[in-house]
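Just so we're on the same page: letters track the sequence lines, and every chain starts at 1.
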Amino acid sequence: MIEERYNVKNVESKWQEFWAENKTFEVLEDKSKEKYYVLAMFPYPSGQLHVGHMRNYTMSDIVARYKKSSGYNVMNPMGWDAFGLPAENAAIENNIHPEKWTYENAEAMRKDMQLMGLAIDWSREIATCSPEYYKHEQKFFLDFFKSGLAYQKESWVNWDPVENTVLANEQVVDGCGWRSGVPVERRKLNQWSLKITDFADDLLEGLEQLENWPDRVRTMQDNWIGKSKGLQMHFYLAGSNDLPIDTIEIFTTRPDTLFGASFLAISPDHPLTTELAKSNSEIADFVADCHRQGTSEEALEKAEKRGVDTGLEVKHPFMDKTLKVFVANFVLMDYGTGAVFACPAHDQRDLDFARKYGLDVVPVVIPEDKKTEDFTIENEAYTGDGFLQNSDFLNGMDIEAAKANIIDRIEKAGDGTGTTTYRLRDWGISRQRYWGCPIPVIHCDACGTVPVPDDELPVTLPTDVDFSIAGSPLANHPTWKNCSCPKCGKDALRETDTFDTFFESSWYYLRYCDPKNTESGFDREKVNYWCPVDQYVGGIEHAVMHLLYARFFNRALKKSGYLDFDEPFESLFTQGMVTHETYKDKNGKWLAPSQIILSSNGSATNKIDGSPVTIGRIEKMSKSKKNVVGLQEVSENYGMDSARLLILSDSPPERDLEWTESGIEGAWKYINRLWRMISQSKTKLPEIGTALPDILSDSDKAIMGVIHKAIHDISEDLDRLHFNRSVARIRELSNSLSDYDNDKDNNPAILLFGFETLIQLFSPMMPHLGEELWQHLGHKNLVVNAVWPKADKSFLVSDSVTIAVQVNGKLRATINMPRDVDKDKAENIALDEPNVQKAIGEKTVRRIIVVPNRIVNVVI
RNA sequence: GCGGGUGUGGCGGAAUGGUAGACGCUGCGGACUUAAAAUCCGUUGACCGUAUGGUCGUGGGGGUUCAAGUCCCCCCUCCCGCACCA
């Protein structure tokens, strides 16, 4: 049944149906096989999939298929990170219920994923917004609450004074509410937090074991945790005042610069500031001003360094001078003690501030190559190494010695202690939103905060909610929050906040192991079989928060007695984004690629009226800029194997990929080329199972070498997730096989072996074409179930090597010589080369470096 | 602002400190065709040279080394994250 043309639509849908009907990718625990758990970060169900979403799932799919062929029991699940803001926005804007919107989107996206031919076990599909899922995390939360891992505290939120709503940082644009347009205010609310800081050291130390994580992700988490040693000390207030305190507690990581201190700075949110503001209107105004901006660290750090003199002064512990105390907007209450001493010479923020308010700048750390009297600070603080000067008893010491000395003296004087501080803050999990998991506690006037009893879980969301009223829909609901206290039975109120959606994504990988369990979140045995995740694949944007929260959650569950291991993700791979050119019409409105026509001279016009189109920057594919290419249209025109091929071949996987029309056409051409080459080979192929000949001609040996080298290299590339390189090797192999097919003296059995190997090697990447051609050759089994080929090392090593000969590091000749000749012989062969002689000329050879089978470098 | 990354022909990219540009796209030349498309073959970093060959060349500047795209220092670009987007 040979078809002339590759009918991609029929072939792809045929195999997709076959895989689904035969449950090819459904798995159960099987102790006789080694397990392999591949996980792609699950998506938020936002609507239709576009090719930008595809990259993540394509990569995890290759791994799943490759590992399955390599004999592993592979689990590759999928689900929906289904709670979140966009569903509520859709409810407000289009008057559609978040639940309906979410499930409809998930439905559409599942269909798109099935169209991609992913090797997913759909029997394990989960949606985090279903009570069957969130019931269990409510239980986890209550365990955390009972063990003290969850607690309530006052935390800052962005408050929109017009809409009377808490805003997400994303909803704050230039310090103003995205809808109201008025400046947001910072407000404190009583909210739930999880004690991730209890695990700060453990999370930090755990990073060292994560050898299969990218270094940059580990570095980012390390910096995020931000462990630093320093000094916590108090300064005594000078003079008299009415304050109830006589010291100010500060934290510094640079105690060595104490003699360069020129002022003290306290946070606008420091208790002392609050106290002073009561009687000082200037401070009160300044604090109010500081509160008229978002809560994000970025907004705070980017703001101009400003402050107000409190009029207070403190005594320097070792110098006969006093330091002014300022309230400064760059001091964060969340870090250290919310107060610092400022040494402008060695800290840029302090310097900016000192220049603005005319304060002293005294350098106390002098670089080794500078003299104290010549060393001045202009507008750049010096943060490098050096030796202490202008510092009394510290003079001459290096920074480390000076730190130790100061800490020792302050400790002995009883004015402070050397301490360790972390940048990491506890995880605030309360959200004033509807579309999230209800926090299962009850507030009772008499009993305080009371957990919802286990047998009343899950606390489910009401469906009749009004999104037209500002504020939290749950708090606004007329009856939902009313209940009776489980302890005393009196009238009480439900917590109306819901969980941060990172809560759901912190344990979904566990739920996949046992997705239908109604009794508990998961069965311990099943989790112990599948976990940890062997290969996690997702975007670099999750490098810190999601991945750190999940690592913490796993530990918290272990501490609560649910798990036996610390780290959830054994290996991590972060893939790059898919980008596309952007287009705007004459009115400056975004246009989709399908709405324009590109001409060969590089200009573009509007498909409808032919008006000129401005071609903009290449940016991440996103609905908002309309630079998306739909899955359906690609499937229709080129098939999904083409899309998969383009995604894998055109960029290294960790870097961005630009989606282009010419790229997808190139991939499509190659799919057809493979189809033609194998289904219409010039050589008549023998039956499958025909033995390879014992005696090989030179060209037979050569092609066998190429085939085995391809097996070796491609397996290695797939192990390392270097998909773009494996595609290049696939092309090399197919080029060679095409040549061999054209060779009249070829051996058909070897050609068949070459084709079979080629199909196996490219099948993880182009699975539909792979199955079709595998069947075409006469195989009855699936190629995905066929045993992955093994390279025969005897074909990999050739007798001769080509080595480079350099003279003074410049290439002068390349010479063939026998493999592994001794150094003297290699030198002689190299020196005999006329071009090498010419380059040496009259000069004396001083040295010859020989790297066996690689290079000879003649130094003259 | 802070933390992390990135940069190589016209384009996407390849390269355990050891022959820079594998593999592809585009372009150019050719075959096939009445013609075109598709397909197949050859060629394609820049400059000089008829040629054997030579010079330059991996964001910019400096350094280490027999040898640097790769290691070190400084700078620039764009991208990711910054705790309530997911």
Can you list the residues that meet the ring-ring contact (aromatic ring centres under 6.0 Å, His included) rule with A:H53, with sequence neighbours excluded? A:H50

Which of parallel (below 30°), tilted (30 to 60°) and perpendicular (above 60°) describes A:Y6 and A:W675? tilted

When pairs are called at under 3.5 Å and a stem needs at least three consecutive Watson-Crick or G-U pairs, the stems of RNA chain B are B:1-5 with B:78-82, B:10-12 with B:23-25, B:27-31 with B:39-43, B:45-48 with B:53-56, B:59-63 with B:71-75

Protein-nucleic acid N or O pairs under 3.5 Å, nucleotides 62-72 of chain B:
residue, atom, partner, partner atom, Å
B:C66, O2', A:N857, ND2, 3.3
B:C66, O2, A:N857, ND2, 2.7

For nucleotides 76-86 of chain B, just jot down a letter per nucleotide in 5' to 3' order: B, S or -, based on protein non-hydrogen atoms under 4.0 Å. --SSSSBBBBB

In A:K620, A:R655, A:R55, the residue satisfying side chain to side chain contact (heavy atoms under 4.5 Å, CB included) with A:M577 is A:K620

Expected string for nucleotides 39-57 of chain B under the B/S/- scheme (protein heavy atoms, under 4.0 Å, primed atoms plus P, OP1, OP2 as sugar-phosphate) is SS------------SSSS-

Residue whose nearest RNA chain B nucleotide is more 5′ - A:R655 or A:V217: A:V217

Partners passing ring-ring contact (aromatic ring centres under 6.0 Å, His included) against A:F503 (at least two apart in sequence or in another chain): A:F499, A:F553

Glycosidic torsion of B:G9 (syn if within 90° of 0, anti otherwise) classifies it as syn

Rounding to an integer number of angstrom, what distance separates B:C73 and B:U52 when you compare their C1' atoms? 43 Å

Flag for A:K153-A:N190: side-chain donor and acceptor within less than 3.5 Å: no

Roughly how far apart, to the nearest Å, are B:C25 and B:G69 at atom P? 28 Å

Starting at CG of A:L674, measure out to CE of A:M766 and round the result to the nearest 0.5 Å. 5.5 Å

Is the terminal nitrogen or CZ of A:R218 (NZ for Lys, CZ for Arg) located under 6.0 angstrom from the six-membered ring centre of A:W213 and within 45° of that ring's axis? no

If I take atom CD1 in residue A:I714 and atom C1' in nucleotide B:C23, what distance separates them, rounded to the nearest angstrom? 12 Å

Both conditions, 6.0 Å and 45 degrees, for the charged tip of A:R731 above the ring of A:Y670: are they met here? yes

Using atom OH of A:Y670 as one end and atom C1' of B:C23 as the other, report the distance to the nearest whole Å. 10 Å

Options B:A14, B:G5, B:U19, nucleotide nearest the side-chain atoms of A:I855: B:U19

Separation of A:F723 atom CZ from B:G12 atom C1', in whole Å? 18 Å

For a quick check of understanding: with a heavy-atom distance under 4.0 Å over all strands, which category does A:N735 fall into, base, sugar-phosphate or nothing? sugar-phosphate

Going by the angle between their ring planes, with limits at 30° and 60°, are A:H546 and A:F502 parallel, tilted or perpendicular? parallel

Students often get this wrong, so: under 4.0 angstrom with heavy atoms, is A:S46 touching a base, only sugar-phosphate, or nothing? nothing

Distance check, C1' atoms only: B:U58 and B:U19, in whole angstrom units. 16 Å

Could you tell me the separation between the CD atom of A:E658 and the P atom of B:C25, rounded to a whole number of Å? 17 Å

Could you measure between the two C1' atoms, the one in B:U77 and the one in B:G59, and give it in whole Å? 7 Å

Using whole Å, what does the distance between atom P of nucleotide B:C11 and atom CD of A:E581 come to? 14 Å

Between B:G30 and B:A36, how many Å separate the two P atoms, rounded to a whole number? 12 Å

What's the spacing between A:N853 CG and A:R819 CZ if we round to 0.5 Å? 5.0 Å

Does a side-chain N-to-carboxylate-O contact under 4.0 Å join A:E619 and A:K625? yes

Output the rounded distance in Å from CG (A:L646) to P (B:G13). 12 Å

What is the separation between atom CG on A:L674 and atom P on B:G24, rounded to the nearest whole Å? 11 Å

Regarding A:R349, tell me which of base, sugar-phosphate or nothing describes its non-hydrogen contacts under 4.0 Å with the strands shown. nothing

Between A:N223 and B:G4, does any side-chain N or O lie under 4.0 Å from OP1 or OP2? yes

In this structure, how many angstroms lie between the P atom of B:G5 and the CD atom of A:Q575, rounded? 18 Å

Using the P atom in both, what is the distance from B:U8 to B:C79, to the nearest Å? 15 Å

Contact class for A:R731 vs. all strands (heavy atom < 4.0 Å): base, sugar-phosphate, or nothing? sugar-phosphate

Rounding to the closest angstrom, what is the interatomic distance between B:G27 and B:G5 at atom C1'? 34 Å

Salt-bridge present (A:E304, A:K356; N to O < 4.0 Å): yes

Below 4.0 Å: OP1/OP2 of B:G4 and any side-chain N or O of A:T219: no

Cation over ring face, A:R423 and A:W224, 6.0 Å, 45°: yes

Tested for side-chain hydrogen bond (donor to acceptor under 3.5 Å, both in side chains) against A:W435, the lone hit among A:T102, A:T501, A:T498 is A:T102

Should the heavy atoms of other residues, nucleotides or ligands under 6.0 Å from CG of A:D385 be counted, would the total exceed 12? no

Can you classify the ring geometry of A:Y382 versus A:H346 as parallel (below 30°), tilted (30 to 60°) or perpendicular (above 60°)? perpendicular

What integer number of Å spans the C1' atoms of B:G49 and B:G54? 8 Å

